[in-house]
Amino acid sequence: MYFQPGEHKAAGLSFSPIKAIISPRPIGWISSRGEDGTFNLAPYSYFNAISESPPMVIFSSAPSESSQHKDTLRNVIETEEFVVNVVSSALGDAMNITSAGLSYGESEFAAANLEMADCKTVSVPRVATSPAALECKLWKIVELPKPDHVNGGVMIIGTITGIHIDDSVIKDGKVDVKAYQPLARLGYMDYGRISEVFTMQRPSKK
Ligand SMILES: Cc1cc2nc3c(=O)[nH]c(=O)nc-3n(C[C@H](O)[C@H](O)[C@H](O)COP(=O)(O)O)c2cc1C
């Protein structure tokens, strides 16, 4: 099968398979604060780490049909800070609740009954029960092309300025991914859990 982007229906596929092809993907559960002091929390799976040194992450906010930015993007533009909270398998339902389109200023922390915890380098709260959280400062915003929407998508690039890890997921000085249990975003409405881990050594130099 071969087709060009946007032509999946003519190829016999009901939905665009791009998310399913590029899977599994991590979920950045982004908490943010507006300049009015309100807090926001929402999942973004167009999310990843892009650099180890300096440690940097990206996530991207899809275009909306209205001229309004999503609340997360609005907050990051206003305060230039955000936190990436990790969604453990146990927090999947709460994460899903926070993807609802609540009015600006209405807290998803309250809607999903999630406790907030303070951060050290940013004035944005983290999800207290997340197994890890990355405090981030905005580095750059990149506007993506606008094919057919009023707004284009926007890529947010941030630098990690603080790292929280729940001690219970550390074993022998490493993050134990089986205890950590990051939820993976697959295609469509599907998610995955880590059930098997194996190790491969890199080829040695001759
Ligand atoms: C697992 C998951 C991943 C998502 N990933 C993205 C994403 O990468 N980009 C995006 O714009 N919306 C994404 N969404 C949708 C947003 O979470 C949703 O539009 C939310 O209402 C945005 O909240 P906000 O306006 O408070 O920022 C995702 C939803 C779910 C459930």
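Ligands are counted one by one from 1 in listed order, and the atoms in each one are counted from 1 as well.
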Practice problem: To the nearest 0.5 angstrom, please state how far the CG atom of Asp36 sits from the CG atom of Asn75. | Solution: 7.5 Å

Practice problem: Compute the minimum heavy-atom distance from Arg74 to ligand 1 and say whether it is under 4.0 Å. | Solution: no

Is the backbone N or O of [Y] less than 3.5 Å from a side-chain atom of [X], with the two atoms forming a donor-acceptor pair by type?
X	Y	value
Glu135	Lys120	yes
Ser31	Leu41	no
Asn85	Val127	yes

Quiz prompt | Stepwise side chain to side chain contact (heavy atoms under 4.5 Å, CB included) check, Ser61 with Thr72 | solution = CA-CA 8 Å; Ser61 182; Thr72 301; over 6 Å; no

Within the 4.0 Å heavy-atom shell around [X], which atoms of ligand 1 are there?
X	answer
Ser61	11 (O)
Ala100	21 (O)
Glu108	26 (O)

Taking [atom] as the point of reference, which of [options] owns the nearest heavy atom?
atom	options	value
atom 17 (O) of ligand 1	Ser31, Ala42, Pro43	Pro43
atom 21 (O) of ligand 1	Ser99, Ser45, Ala184	Ser99
atom 25 (O) of ligand 1	Ile27, Asp71, Asn75	Asp71

Exercise. Compare every heavy atom of Ser14 with every heavy atom of Lys9, then report the nearest pair and how far apart it is.
Key: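 Minimum heavy-atom separation between Lys9 and Ser14: CE-O, 3.3 Å.
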
Give yes if a backbone or side-chain nitrogen or oxygen of [X] is under 3.5 Å from a nitrogen or oxygen of ligand 1, and no if not.
X	value
Ser60	yes
Thr98	no
Tyr46	yes

Quiz item: Will you find, in the side chains of Trp29 and Thr98, an N or O donor that is under 3.5 Å from an N or O acceptor?
Solution: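 Result is yes, a qualifying pair exists.
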
Look at [atom] and say which protein heavy atom is nearest, naming residue and atom and giving the distance to 0.1 Å.
atom	answer
atom 26 (O) of ligand 1	Asn40 ND2, 2.8 Å
atom 1 (C) of ligand 1	Tyr191 OH, 3.3 Å
atom 22 (C) of ligand 1	Tyr44 OH, 3.5 Å
atom 15 (C) of ligand 1	Lys70 NZ, 3.9 Å

Quiz prompt | Steps toward side chain to side chain contact (heavy atoms under 4.5 Å, CB included) verdict (Phe82, Val57) | solution = CA-CA 11 Å; Phe82 62 94; Val57 294; 4.1 Å; yes

Quiz item: Taking the six-membered ring of Phe47, is NZ or CZ of Arg25 closer than 6.0 Å to its centre and within 45° of its axis?
Solution: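 Output no; distance or angle outside limits.
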
